[in-house]
Amino acid sequence: MTSPSARLRSLSGIKPTGQPHWGNYFGMIRPALQLAHDHDAMYFIADYHALTAVRDPKALAEDSRGIAATMLACGLDPVQTIVWRQSDVPEVLELTWLLSCATSLGLLDRAHSVKDARAKGKELNHGVYTYPVLMAADILLYDTDVVPVGKDQKQHLEMARDMATFVNVAWFGHQAGGTVDDSAPWDGKSLKRPRAIVQDNVAVVPGLDGQKMSKSYGNYIAVFASPKELKQRVMAIQTDSTPLEEPKNPDTCNVFALYKLLATADQVQDLRAKYLGGNFGYGHAKLALLAVAEAHFAPMRQRYAELMAKPNDLDAILADGAVRARAIAKPVVARLRQAIGLPAHPHL
Ligand code: ADP
Ligand code: TRP
């Protein structure tokens with residue numbers, strides 16, 4: 001039942017929510033692509049998850065393709081990495097139900113996502129409430145070893161591990177109570193308990209105003225911004241009022257913080273010296289940032305436009321990913337059905 005290769009299987013889901021920005025790129029997309037070098041990586045577009053809030057069918061379809069095109073444009077290799085739409089693997093809903101029957105409401109009540117929806121007066125439909133169960137199903141359906149997540153998703157991952165334990169106790173004869181020994185080898189039958197790879201070494205990318213870059217603050221630079229838009233956004237980055245001739249502190253400057261993400265070590269040293277040397281204005285620094293940003297993102301922007309112009313090709317890549325993902329998912333569900341006492345299903 002283990003993967004034929006010795007590499008660990010990593011899996012992560014990405015919610016389709018509009019245009020990605022530099023925060024998403026440096027905070028999530030780039031680390032995810034790096035992980036694919038030494039893991040059997042699987043990425044899916046979490047369209048079922050988006051449905052807790054999205055009511056516009058066109059936006060759902062467009063944004064789902066948009067995320068797929070983004071990952072591909074940024075370098076995801078769809079042969080090496082499995083990429084698919086969550087809703088193309090219906091087994092995930094079956095597993096959601098099986099997990100639901102072993103999960104207490106007390107656990108779900110503690111989820112940050114539910115607390116957040118309550119605190120902010122957001123719609124609290126059953127999908128929001130059961131979001132952590134669907135997320136656990138996403139992960140457990142593929143005998144996942146590791147899940148790269150941001151800090152905000154750490155609790156959901158812990159809950160997925162708890163749900164795996166509940167199922168294993170209920171149906172696989174595992175011992176209830178006490179701590180689970182994660183160093184013990186997996187038995188190849190029960191649900192595999194995944195480990196989180198929490199990306200807390202990834203710096204928070206500042207937005208134009210110095211706060212965390214975020215869609216909701218409107219302070220972002222889109223990954224695929226046109227050259228004109230890019231220039232406009234870079235020129236709008238807030239800086240202090242140190243006069244042109246005076247030395248400037250690179251370490252408190254938003255322009256420099258963004259430059260460091262894109263430039264080589266030598267380029268960063270060079271710009272640092274210019275800041276400290278005086279007679280170098282923020283306008284000059286912004287032009288330097290613009291140059292490295294344009295060099296980095298222009299090929300991706302072009303590739304993204306090409307991919308989005310061919311929705312059928314994108315759909316074919318996702319359909320191929322779904323076939324490969326299902327081939328992993330089906331035996332997992334078959335295994336569970338057998339343990340639970342459900343009849344074998346001809347589709348599995
Ligand atoms: P937003 O705040 O724009 O709504 P999301 O919460 O949808 O962004 O984030 C999606 C992913 O991008 C998460 O993995 C998150 O950690 C990462 N991310 C978002 N903004 C930043 C940022 N400013 N710096 C680093 N990572 C970020
Ligand atoms: N909940 C994650 C988010 O909001 C997306 C997601 C859904 C996910 N299923 C997942 C992430 C499984 C990792 C593993 O960003």
Side-chain angles (χ1 to χ4, degrees), residues 9-33 35 39 41-54 63-64 66-67 70-71 74 82-87 89 92-93 95-96 99 111-114 116-117 120 127-128 130-161 163-164 194-223 254 257-258 260-261 325 329:
R9 175 172 296 144
S10 73
L11 172 142
S12 199
I14 308 159
K15 265 209 285 189
T17 45
Q19 278 277 310
H21 54 68
W22 286 13
N24 304 138
Y25 177 76
F26 292 108
M28 191 276 289
I29 298 172
R30 202 167 64 170
L33 296 176
L35 198 73
H39 287 75
M42 302 178 68
Y43 292 107
F44 67 91
I45 297 136
D47 54 354
Y48 277 151
H49 280 278
L51 270 181
T52 58
V54 176
D63 285 348
S64 295
I67 290 291
T70 297
M71 295 301 282
C74 294
I82 305 181
V83 55
W84 76 103
R85 248 190 226 105
Q86 182 184 28
S87 62
V89 180
V92 76
L93 297 182
L95 183 53
T96 299
L99 295 176
H112 293 319
S113 42
V114 168
D116 189 57
K120 294 190 179 144
V128 173
T130 210
Y131 188 104
V133 188
L134 178 59
M135 180 158 162
D138 291 329
I139 297 166
L140 302 173
L141 186 59
Y142 300 99
D143 289 336
T144 302
D145 294 299
V146 293
V147 184
V149 283
K151 269 183 254 173
D152 58 329
Q153 296 297 319
K154 209 175 143 189
Q155 187 203 30
H156 286 152
L157 210 262
E158 273 309 314
M159 292 170 86
R161 287 163 56 83
M163 287 180 223
R195 260 188 320 109
I197 300 185
V198 180
Q199 289 162 346
D200 45 11
N201 55 342
V202 178
V204 172
V205 178
L208 304 188
D209 56 358
Q211 288 191 83
K212 177 188 172 203
M213 187 179 285
S214 171
K215 263 191 305 287
S216 34
Y217 303 148
N219 62 354
Y220 61 87
I221 307 179
V223 171
N254 296 327
L258 294 172
K260 278 201 296 193
L261 294 167

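Counting starts at 1 for both ligands and their atoms, in listed order.
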- Item | ligand 1 versus H21: contacting region, heavy-atom distance under 4.0 Å |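 Side chain only; the backbone of H21 stays clear of ligand 1.
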
Atom indices of ligand 2 within 4.0 angstrom of [X] heavy atoms, with elements:
X    : result
V147 : 13 (C), 14 (C)
Q153 : 1 (N), 2 (C), 3 (C), 4 (O), 15 (O)
K15  : 4 (O)
H49  : 7 (C), 9 (N)
M135 : 1 (N), 8 (C), 9 (N), 10 (C), 11 (C), 12 (C), 13 (C)

- Would one find more than 12 heavy atoms of other residues, nucleotides or ligands at under 6.0 Å from atom NZ of K215?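 Enclosed.
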
- Within 6.0 angstrom of R195 CZ, more than 12 heavy atoms from elsewhere: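 No - once you tally the heavy atoms of other residues, nucleotides and ligands closer than 6.0 Å, there are 12 at most.
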
Which residue and atom name correspond to the protein heavy atom nearest [atom], and how close is it?
atom                    : result
atom 24 (N) of ligand 1 : V205 N, 2.9 Å
atom 4 (O) of ligand 2  : Y131 OH, 3.0 Å
atom 6 (C) of ligand 2  : G13 O, 3.7 Å
atom 9 (N) of ligand 2  : D138 OD2, 2.8 Å
atom 10 (C) of ligand 1 : N24 ND2, 3.4 Å

For ligand 1, which atoms sit closer than 4.0 Å to a heavy atom of [X]?
X    : answer
K215 : 1 (P), 3 (O), 4 (O), 7 (O)
M213 : 20 (N), 21 (C), 22 (C), 23 (N)
S214 : 1 (P), 2 (O), 3 (O)

- Given P31, A32, G23, which one has a non-hydrogen atom that is nearest to atom 22 (C) of ligand 1? G23

- Message: Is there a polar contact between ligand 1 and M28, counting only N or O atoms under 3.5 Å apart?
- Response: no

- Distance below 4.0 Å between atom 15 (C) of ligand 1 and any protein heavy atom? no

- Contact bool for atom 6 (O) of ligand 1 (protein heavy atom, d < 4.0 Å): no

- Note on the structure: Given the options Y142, F44, Y48, V89 meets side chain to side chain contact (heavy atoms under 4.5 Å, CB included) only with Y142

- Task: Only one of L33, V223, T70 passes side chain to side chain contact (heavy atoms under 4.5 Å, CB included) with Y25; say which it is.
- Result: V223

